[in-house]
2 protein chains.
Amino acid sequence: MAIRPADQIIHKAAWLYYTHGMRQDQVAQQLNISRASVAMYLRKARETGIVNISTSTQLFTDDVLAREIEDAYGLDAVWIAPHGDLVDQAAEVPVLASSVFLELVKKGDRIGVAWGQTVYAIADVMAYADLQDVTVVQLCGNLGAPFAYRPDQCTMEIARRLNAKGLNFYAPLVLSTEALAEELRNEPVIREQLAGISDCDLALYSIGTVDGESHVVKCGALTSAEMDALRRAGAAGVVAGQIIDAKGALLDCSYNRRCISADLDSLRAISKRLVVVQEPNKFEPLLAGLAGGLCTHLVISADMARRLLDQARAASRRKAS
Amino acid sequence: MAIRPADQIIHKAAWLYYTHGMRQDQVAQQLNISRASVAMYLRKARETGIVNISTSTQLFTDDVLAREIEDAYGLDAVWIAPHGDLVDQAAEVPVLASSVFLELVKKGDRIGVAWGQTVYAIADVMAYADLQDVTVVQLCGNLGAPFAYRPDQCTMEIARRLNAKGLNFYAPLVLSTEALAEELRNEPVIREQLAGISDCDLALYSIGTVDGESHVVKCGALTSAEMDALRRAGAAGVVAGQIIDAKGALLDCSYNRRCISADLDSLRAISKRLVVVQEPNKFEPLLAGLAGGLCTHLVISADMARRLLDQARAASRRKAS
DNA sequence: CGGGAAAATTGACTTTTGTCAGCGGCCGTG
DNA sequence: CACGGCCGCTGACAAAAGTCAATTTTCCCG
């Protein structure tokens, strides 16, 4: 909490340079150090979030397509990463998402974070910030897979970037029997963490696919064959490690009952639910999530936006006829 | 709300430069314009709040003196503008205050703003920001004095800087009879505005002196002689144009009854009350404000901080003996 | 308390950014 | 339709910032 004495000089340099608009040589003179050091301190200030530089994401919400999707799906806000006229579209989604995320966070917030490649990609490009009274909580249990994008890593990395407190979940995501999962959920430590999820101000997650490429399969929570069976039983997407059906409801299956993760109602109790979808093959999972009311704020690519809108129009035509 | 087509390019340039970290020549190439134009757009982006650069104010809260004052007066946070080792101390207070203010504001907030030289000085050095869903409301009636720091100007200037909505108060601050003031307060428009004050998330004000130099005297709301009389009757400070006594309660006097301004209870209902004191002669007024619970967040100079702490210590010694 | 490794700092050089006069297109006006 | 004024853009130069190898300082450890 307290500033380390060594960092004091960084704060001073940043204040004089950015707030007072002094030049680096003036700052150097004022602090009796070389200009090169000032340049270095300023870089550190930016890197650690002592100085925050953020760009409005209005460019990406202010768009007819985005408005139409907001209306069609009843969302609070939609951001669309445009086609390659700027930069690579797919890569743009996490960058945009991390800006949007930082725009939505405010001091004192409690933030729920799920996991997966998309979430980790967002964490990875996220700017550092100085949000010491923010708490980042993990939305579901862990798994031991050697992937950077596993639940605890996602939570930790985001907490680190924000200089926030990270609250990890010390339980496995999935257990071998339903009874054990139930028992564990009733353990005070775990119960408390699960209960705290609905107190979050903001949640961040993506929606997973239900095929062999799904992160739950890659991490070994389910075999590819089991996933195929679940898909035949109506699985449409994955949210915080749990399987949902096309209506966005929790699929009634043993796997879900063996999971320790955020209750969907708890997620819906969070006022800002930021869903980010990067891969083009996540169309159906995303529809499921939208149907289930799991999303209030959405970041997607232009292609995906197009498909969502077409879908909504087709649906309303069907209803009209 | 919508981005003007001409501003689109500014957003794009800012996004590529600040978020993607491209160099100006790369941005220029990407957007098919000259690098000089990019430099110009970037300046505009910074000036209009499309890009936001903010520096942590931790340096000024993270200080034993600040902590001691927090404890002694039960405040949420205190910031202290240090002695001249950095820059001019008095001039630093508004600069620091405007940074603190911007740190405390968040999207969707409703902000109450009073008036006076200090408040206007803060507005004047405030960085531009892009907070379009913020509302800035005037905390008290107006007066026609030809000063830049009058109530409507303070409100408007802050709203302009934030790109927020400004809600002015179209009633005089002080009327000639109590009856008329009472009648006016009951007018739906005015009543509504007064009622809306307690819904604010954040308030910004200074505390005025009760002498001939007071802004209420300079602006002609009171004569110097009337002020002297009020002082003898127990006046200790001015908050949003109203006179308070040493305990921080509204002074029982005709002037106050003729005022159209925020009820002190409404002010206390606002969760963050940022009080900024710049001039050294505002020590007693500040004590009155603190006594009345009108302050939760405080920005002062190092000298003032010293005096506050000495006062608190003297008071506790007196109590102990 | 000396020696050595690691970290911090700096001077000198390179790259990047800021600025401004001047050019050219656009629009309203005579 | 020609003219003048205005605004926005650009090229070229000046100023500022970034970088890195060399040097100094700090901090262990024997």
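Please read all numbers here as calculations on a predicted model, not as lab measurements. Numbers restart at 1 for each chain; the letters A, B, ... are given by sequence-line order, proteins then strands.
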Inset, instruction - May I ask you to say what A:Ile33 touches in the nucleic acid, namely base, sugar-phosphate or nothing, with a heavy-atom cut-off under 4.0 Å? - result: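 The answer is sugar-phosphate, as A:Ile33 gets under 4.0 Å only of primed atoms, P, OP1 or OP2.
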Legend entry - Verdict with supporting geometry, A:Tyr41 and A:Arg46, side-chain hydrogen bond (donor to acceptor under 3.5 Å, both in side chains): CA-CA 9 Å; A:Tyr41 290 148; A:Arg46 287 186 304 263; over 6 Å; no
Legend entry - Check: A:Phe60 ring centroid to B:Trp15 ring centroid under 6.0 Å: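 Yes, the ring centres sit under 6.0 Å apart.
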Phosphate OP1/OP2 of [N] contacted by [X] side-chain N/O (<4.0 Å):
X	N	value
B:Ser37	D:dC9	no
B:Gln24	C:dG18	yes
B:Tyr41	D:dC9	yes

Could you state the [atom1]-[atom2] distance from [X] to [N], rounded to the nearest angstrom?
X	N	atom1	atom2	result
B:Arg35	D:dG11	CZ	P	11 Å
B:Asn32	D:dT10	CG	P	9 Å
A:Asp25	D:dA17	CG	P	7 Å
A:Leu42	C:dT16	CG	P	19 Å
A:Leu16	D:dA17	CG	P	13 Å
A:Arg43	C:dT16	CZ	P	15 Å
A:Leu31	C:dA8	CG	P	17 Å

Residue [X], side-chain atoms from C-beta onward, closest of [options]:
X	options	result
B:Ala36	C:dG11, D:dA12, D:dA17	D:dA12
B:Met40	C:dT9, D:dG18, D:dC9	D:dC9
B:Tyr17	C:dG11, D:dT10, C:dT17	C:dT17

Inset, instruction - Record whether the side chain of A:Arg23 comes under 3.5 Å of the base of C:dG18 through a donor-acceptor pair of N or O atoms. - result: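 Between C:dG18 and A:Arg23, which were checked side chain against base, a qualifying N/O pair under 3.5 Å is absent.
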Inset, instruction - Would you tell me whether A:Asp130 and B:Ser56 have side-chain atoms, one donor and one acceptor, within less than 3.5 Å of each other? - result: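 Present: a donor and an acceptor within the cut-off.
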Legend entry - More than 12 heavy atoms from other groups under 6.0 Å of CD on A:Gln29: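 Incorrect, the count does not exceed 12.
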Inset, instruction - Please determine if B:Arg306 and B:Asp303 form a salt bridge, counting it only when a charged side-chain N lies under 4.0 Å from a carboxylate O. - result: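 Salt bridge between B:Arg306 and B:Asp303, a charged N being under 4.0 Å from a carboxylate O: no.
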